[in-house]
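To start, the structure itself, in structure tokens.
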Amino acid sequence: MSILVALPVVLPLLAAGLSLILHRHRLAQRILSTVSVSAVLVTAVVLTVLVDHRGPQAARLGDWPATIGVTLVADRFAAMVLSVSAAMVLAVLVYAIGSPMARDTAQHFHPVYLVLTAGVAMSFLTGDLFNLFVGFEVMLTASYVLMTLGADRAQVRAAMSYVVISLVASMLFLTAVALTYAATGTVNMADLASRLTAIDPAVRHALSLLFLVVFGIKAAIFPLFFWLPDSYPTAPTPVTAIFAGLLTKGGVYAIIRTQTLLFPSSGASRLLLTVAAATMLIGVLGAIAQNDVKRILSFHIVSQIGYMIFGLALFSAAGLAATIFYIGHHIVVKTTLFLVAGLIEEREGTAALDRLGGMVRRQPLLAGLFLLSGLSLAGIPPFSGFIAKLTLVQAGVAAGTDVVVAVSLVVSLLTLFSITKIWAGVFWGEPEDAGLQVRPHPSVALPRLMVVPTVALVAISVAIAANAGSLWALSERAAAGLIDTGPYLEAVLR
Amino acid sequence: MMRSTILSTATTAVFHTAVLFSLYLLFAGHNQPGGGFAGGLVAAAALVVRYVDGGSETVRSLVRIHPMTLLGSGLVLANVTGIGAWLFGGAFLESAKWQWDAPILGVVKTTSALFFDAGVYLVVVALVLMVLRTLGEEGEPS
Amino acid sequence: MIVSLAVLAGVLYACGVYLLLQRTLTRIIIGLVLLGHGANVLLLVAGGRSAAAPFGGAELIGRVSDPLPQALALTAMVITFGVTALLLTLAYRSWQLTANDEVEDDIEDRRLARRAERASEADESPSAADEVLA
């Protein structure tokens with residue numbers, strides 16, 4: 001049992017080591033990565049089912065007691081997010097392998113990608129604050145390398161601001177951990193949950209805010225999001241796709257984990273509600289102003305983070321369940337959209353709207369894939385986004401936060417507008433600026449290994465909508481586990 | 001590149017001692033100050049001194065294995081040590097202790113954490129070798 | 001003892017933040033390194049009073065310093081070490097590409113500044129556009 005909890009972290013690390021040894025054999029590296037990431041996916045799914053039936057499971061590394069050792073914990077929330085993430089990691093890996101520009105030609109792509117996988121798994125599964133820091137660092141350090149794979153001028157410039165911002169956040173994180181230890185004498189989250197209630201409320205509030213700022217930078221919430229639209233679009237597409245799907249969600253996960261476990265609130269938090277509304281609105285307004293597919297999608301990430309924070313801010317079972325469902329839906333749809341953007345770029349050589357046009361005739365499949373996931377992002381029935389937003393709005397209305405609900409609905413509309421803008425610019429009409437038009441290659445078929453994972457992700461998104469009932473029930477159970485922390489604490493401290 | 005005689009002589013004198021000391025730190029770790037990271041850093045410092053003296057060619061001829069291979073081996077060794085504990089029914093990374101009477105040396109105590117530390121040692125050395133390769137070779141007259 | 005460490009952490013943070021706000025990449029990197037040192041010192045302070053090195057058996061509990069923050073600080077140091085190496089490589093690459101050590105302006109910022117310039121040229125009287133420029 002404890003083996004299953006540790007496996008998603010250990011397996012990719014072991015595979016990364018083997019992959020480094022095999023750095024001269026690209027085929028072997030590809031097989032190794034695919035096999036190990038698939039194994040992580042299988043483990044995560046099995047873990048989700050097990051945890052759903054038997055309650056939270058903990059693994060103590062080195063068999064040290066939980067309060068002083070490293071503990072990995074899987075509850076429903078962690079296992080669910082991990083499963084979805086592992087599926088994305090696998091899909092993007094296949095996509096990267098299939099990319100004819102061969103993003104994975106660099107000898108270090110595969111090891112670094114596997115380290116990223118381990119970091120993501122560790123951030124989701126860790127049971128103490130310090131290892132959350134370590135997990136984030138492992139994940140981020142790998143992301144710095146992936147972001148600069150091409151090492152051209154724009155990438156280095158964008159990566160520089162990304163790395164510096166992330167590092168400042170990390171140093172703040174370390175400071176927060178140190179202050180928490182000074183105040184309570186532990187960094188284990190389960191232990192902290194009880195000890196934090198005993199300390200001075202002022203100190204507790206300060207710590208809570210410090211953690212909110214730290215994870216807010218990582219999750220790109222207002223007003224700490226400015227680095228994201230600047231840096232994400234310059235990275236190679238598969239890399240942007242995995243960043244968009246997973247990295248900010250690591251921040252959101254940490255916000256939810258710390259706010260529910262360490263600093264639980266009895267009612268809706270006005271601060272978080274304001275932040276959520278502002279994040280939604282500013283993000284989507286930024287998206288409307290942009291003129292490049294990848295930049296529009298990057299701003300959408302910010303806007304969508306607002307929805308997740310909204311659900312959390314309600315601090316109700318329904319709100320949290322909606323957030324959890326939203327995270328699952330969002331990770332899938334966002335990754336898909338970036339993969340489609342990558343395919344567009346692959347085909348036409350650019351992602352700028354005024355240079356593109358008329359792709360619906362040349363690439364009907366691509367148009368269909370974009371339409372399905374774009375509409376889902378905007379929240380049009382019957383797609384997964386509709387269910388996610390509906391539940392969120394219901395929870396918001398039930399909590400009496402009408403203003404934020406109204407904002408979220410307006411933002412939905414604006415999201416639809418900016419999706420339409422991409423649709424009109426890329427798939428319909430002709431390029432605005434004929435002189436700038438790049439020569440498309442209509443004769444060559446899209447690489448199959450790039451199309452298959454994209455189609456698979458759209459299929460997953462449709463499956464989420466089709467099985468919304470059971471997934472919603474699972475989200476509700478996961479949310480109940482976040483509110484009633486008893487079983488979680490017992491599993492860790494036992 | 002001009003080599004300084006003083007530096008060359010000093011390097012020859014210091015290098016082996018430093019490597020030996022790094023190995024001492026590696027084995028003394030766990031219950032005494034030291035360990036894989038500290039040991040690895042000392043070994044890496046010794047290699048850096050060699051680099052300053054003779055350039056990257058010297059370091060290359062000294063360590064023939066590709067740093068990536070070395071890095072991978074370290075990572076695998078550390079992981080396998082952790083996984084090994086599962087095979088004996090323990091928790092991941094749980095440490096085992098062995099004690100035996102060795103001729104001449106007397107009673108020798110070993111822990112399985114030593115293998116983990118050896119992995120860390122390899123990783124640190126490989127990392128510094130990689131830095132020397134990627135940053136140290138450009139701009140050098142070939 | 002603890003007061004001096006707390007002051008040291010404060011000075012390190014202050015210097016780190018100051019350097020972080022510079023335009024030159026190398027200074028930013030040094031600033032981040034100092035911030036990291038500050039955080040590590042803070043971790044050590046969090047461990048309480050300093051005492052003998054925590055080696056030996058369980059019978060020493062209470063007479064040795066708290067080993068946990070030291071382990072945390074060591075881990076944090078290792079991470080800072082790795083990331084600093086990466087940052088230096090990036091700075092080196094940036095220098096190779098641009099022959100300059102300064103962080104380039106953001107494209108969006110430049111576009112905004114240009115728009116503001118144009119607006120102020122069209123409208124000679126002091127307006128909101130000038131404030132944007134300033």
Side-chain angles (χ1 to χ4, degrees), chain A residues 1-26 28-29 32-33 36 39 43 57-66 69-72 106-112 114-115 118 121-122 125-127 131 138 141-142 145 148 151 494, chain B residues 29-31 35-37 40 60 63-97 111-135 137-138:
Chain A
M1 194 60 226
S2 77
I3 294 181
L4 269 184
V5 182
L7 218 49
V9 182
V10 177
L11 211 55
L13 277 182
L14 181 65
L18 289 172
S19 190
L20 277 167
I21 297 178
L22 294 169
H23 63 98
R24 282 189 223 285
H25 311 277
R26 203 195 306 163
Q29 277 191 328
L32 186 67
S33 306
S36 54
T43 316
Q57 299 291 331
R60 280 178 271 290
L61 301 196
D63 211 23
W64 291 91
V70 175
T71 318
L72 297 175
Q107 288 175 339
H108 51 260
F109 173 83
H110 285 281
V112 174
L114 287 166
V115 169
M122 189 169 177
L125 290 175
T126 182
N131 278 289
V138 170
T141 311
V145 179
T148 49
R494 176 171 36 97
Chain B
H30 202 62
N31 282 332
F37 184 66
R60 245 174 213 269
V63 187
R64 299 275 172 97
I65 312 170
H66 194 284
M68 269 198 176
T69 315
L70 209 58
L71 190 67
S73 319
L75 206 52
V76 169
L77 182 58
N79 264 294
V80 166
T81 313
I83 293 170
W86 278 338
L87 301 180
F88 297 99
F92 183 69
L93 283 177
E94 195 170 338
S95 187
K97 270 185 218 151
T111 61
S112 63
L114 179 65
F115 299 106
F116 184 84
D117 267 341
V120 175
Y121 183 95
L122 285 180
V123 166
V124 175
V125 170
L127 182 75
V128 172
L129 281 175
M130 238 179 208
V131 170
L132 288 183
R133 258 194 198 204
T134 46
L135 293 180
E137 283 185 2
E138 287 176 54

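Any value given below was found using the heavy atoms of this structure, including those in side chains, with hydrogens, waters and symmetry copies removed. Just so we're on the same page: letters track the sequence lines, and every chain starts at 1.
Within the 4.5 Å cutoff, side-chain heavy atoms of A:I21 are placed close to those of B:V76. In this structure, B:M68 and A:R24 have side chains that are not in contact, with every pair of non-hydrogen atoms separated by 4.5 Å or more.
In this structure, CG in B:L70 is found 10.5 Å from CG in A:L20, a value given to the nearest 0.5 Å. How far CD1 of B:I83 is from CG of A:L11: 7.0 Å, rounded to the nearest 0.5 Å. Distance check: A:H23 NE2 to B:L71 CG gives 10.0 Å after rounding to the nearest 0.5 Å.
Between chain A and the options B:V80, B:I65, B:N79, the largest number of non-hydrogen pairs under 4.5 Å is found for B:N79.
For A:A16, the parts lying under 4.5 angstrom from a heavy atom of chain B are both the backbone and the side chain.
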